[in-house]
Amino acid sequence: MKKILTLYVAAAFVFGSYAQSQTSVATPSEGATTASTGIEFRTGTWAEILAMAKKENKPVFVDVFTVWCGPCKKMVAEVFPLKNIGDYFNANFVCYKFDAEKGEGKTLAKKYGINAFPTYIFVNGDGKLLYRSMGAMPADKFLQEGHIAMTEFTDTGETLESMKARYPKKKSDPAFLRAYIEKRGKSKLDNADLTDEYVSIEKPAVLLDTTFLNTCFLHYESQIRAGGACDAFWQANWDELCRLTDCPDKTMAKVYDNNLMYYSLKRAIRDTSAVLLEAILKSSDFICPKLERDATHQRLKLQLEYYAGTDNMTEFETIMPSAATAMLDEVPTCQERDKQLYRMFLEGLITQPELIKNYSPEILGIYLDYAKKQTSVDLAFQLRDLAKAAVRLTSKPELLHTAMVCIYQAAMLYENFSIYEVLAETLDKTGDHANALRQMQCAFDLMPREAEDIVARVTAKLEAMKK
């Protein structure tokens, strides 16, 4: 369980500043296959692919991509062509790919609920989902995903879809619910509501089983709903959970923050749920002291993000000045906080040297660089997002002035193309078109040239400003 720290750190980087840019390369032509030593993708209709799978008694591996997706192109260039990857996937799967925004791919993406890219789905010859995964990843991790999918295919037990069909009649059976949660968890599916149901009917002693805790609570990809039964159980049993899992209090707090706060806010915005927002704020009050955060500041930032995400202009305009003040008040402590976190990060690598093996030198270098300034980077992006929302939602001069102060401070904390992009848009909305053009040129000069979607967006904005 001590590896929770590693998992949390990895998650922090996924959701942090370096998610702002993704490596991308040329896209292969539609219908083409990769080099013969790599994955050989079949062509044909979906019905034909499933027929091949039945005939060969293999599951189907599907790479679901879009033409604008940088991580998709990274996998095509760096992982799919590898000989060991091709040897395993070609031998064990009928390999296929489709563009989620074209032709039959649009229907299939909707059928399998795909809205992030790349997503990898593994299905049997009947098209029933066995396993799913997503995102760019190193070759060894991708190979592990293939092994998990094959385990699901050869499992004589139930498939995801058969358990889904049985769920309405078995939802009051704790053993079934736990098995269903574990099956869905392997495919990274949202288990928040199911886990709340399970916690509500299972015996407390069973819930304190470390295997369950690792699978459903403390794994960094778990989803927990603020205010739900899981949240209540976690808070009520905090000390016991730390003891059972040998997890330091602060590390447990970071996992809680990622699994519950991050997930719940996204869900509240998606569902425009003011009720869930209130639950999030209560959970925030609980966790802030453990993370050494100012609870009042954090409440303001959460509310601001919710109102911006739900396009609630009235509430956004009301709370924006206070939220901006809270963020700006945190600037002086950023550097000292960064020193502390960097020291903690290095101590983690020293005390757990095996963790270094999980990262390439390049990735480890990125993590180390970010660890030196993560508080500053995170705050810079919070200030950027406030200004970006203000440009979109308000025309009040005093609020746009506040947005200007915030975005200039963001640029002082961290030099990033997206900050200059928002700075240019803020200046443009206030009527300073000449300076806006200069700042958009800065964004253009700093943007990652290999990310085609970013290049297209920033270039279009620059050309529009020139006119």
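Note that the structure is a prediction, hence the values are computed from the model and not measured. If you read the sequence from its start, that first residue is 1, and numbering goes on from there.
- Looking at Arg178, its side chain never comes within 3.5 Å of a backbone N or O of Glu202 through a donor-acceptor pair.
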Go through it in stages, so that I can follow the logic: the residues are Phe444 and Tyr420, the test is ring pair (Phe, Tyr, Trp, His ring centres under 6.0 Å), and I'd like the CA-CA distance, side-chain angles, deciding distance and then a yes or no. CA-CA 9 Å; Phe444 181 85; Tyr420 286 99; over 10 Å; no
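- A search for side chain to side chain contact (heavy atoms under 4.5 Å, CB included) contacts involving Asn435 returns Tyr408, Leu427, Asp432, Arg438, Gln439, not counting sequence neighbours.
- Contact check for Tyr112 versus Thr119: no side-chain heavy atoms found under the 4.5 Å cut-off.
- Taking a cutoff of 4.0 Å between a charged side-chain nitrogen and a carboxylate oxygen, Arg343 and Glu347 do not qualify as a salt bridge.
- Checked against the 6.0 Å centroid threshold, Phe61 and Phe142 count as a close aromatic pair.
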What side-chain donor-acceptor pairs closer than 3.5 Å can you find for residues 319-333, not counting sequence neighbours?
from	atom 1	to	atom 2	distance (Å)
Thr325	OG1	Pro321	O	3.0
Glu330	OE1	Lys301	NZ	3.1
Glu330	OE2	His297	ND1	3.3
Glu330	OE2	Lys301	NZ	3.3
Thr333	OG1	Glu330	O	3.0

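- In this structure, the side chain of Ser264 engages the main chain of Ile224 through a donor-acceptor pair within 3.5 Å.
- Ring geometry for Trp46 against Tyr96 counts as tilted: the plane angle lies between 30° and 60°, on a 0 to 90° scale.
- Between Tyr198 and Tyr180, the distance separating the two ring centers is not shorter than 6.0 angstrom.
- Listed by chain and number, the residues in a ring-ring contact (aromatic ring centres under 6.0 Å, His included) with Tyr306 amount to none (sequence neighbours excluded).
- The distance from the NZ atom of Lys254 to the CD1 atom of Ile287 is 11.5 Å, given to the nearest 0.5 Å.
- One finds the CZ atom of Arg293 at 4.5 Å from the CD atom of Gln298 (value rounded to the nearest 0.5 Å).
- You'll find the ring centres of Phe98 and Phe65 outside the 6.0 Å limit.
- Each of Arg184, Glu197, Lys183, Gln223 was checked for a side chain to side chain donor-acceptor pair (under 3.5 Å) with Asn191, and the lone residue meeting it is Arg184.
- Ring-plane geometry between Tyr131 and Phe122 is classed as tilted, the angle between the planes lying from 30 to 60 degrees on a 0 to 90 degree scale.
- Between the Lys73 side chain and the Val67 main chain, a donor and an acceptor come within less than 3.5 Å of each other.
- Rounding to the nearest 0.5 Å gives a distance of 9.5 Å between CD of Glu240 and OG1 of Thr245.
- Between the Lys97 side chain and the Asp63 main chain, no donor and acceptor come within less than 3.5 Å of each other.
- Here CD1 of Ile419 is found 12.5 Å from SG of Cys442. Values are rounded to the nearest 0.5 Å.
- One side chain, Asp445 or Gln441, offers a donor N or O that lies under 3.5 Å from an acceptor on the other.
- Ser133 OG to Gln144 CD: the interatomic distance, rounded to the nearest 0.5 Å, is 10.5 Å.
- Salt bridge Asp193/Arg225: present, at least one basic N to carboxylate O contact under 4.0 Å.
- A salt bridge does not link Lys388 with Glu425: none of the charged nitrogens is closer than 4.0 Å to a carboxylate oxygen.
- Using a 4.5 Å heavy-atom threshold, the side chains of Asp239 and Cys242 count as separate.
- For Thr402 (side chain) and Glu398 (main-chain N/O), a donor-acceptor pair under 3.5 Å exists by modelled atom type.
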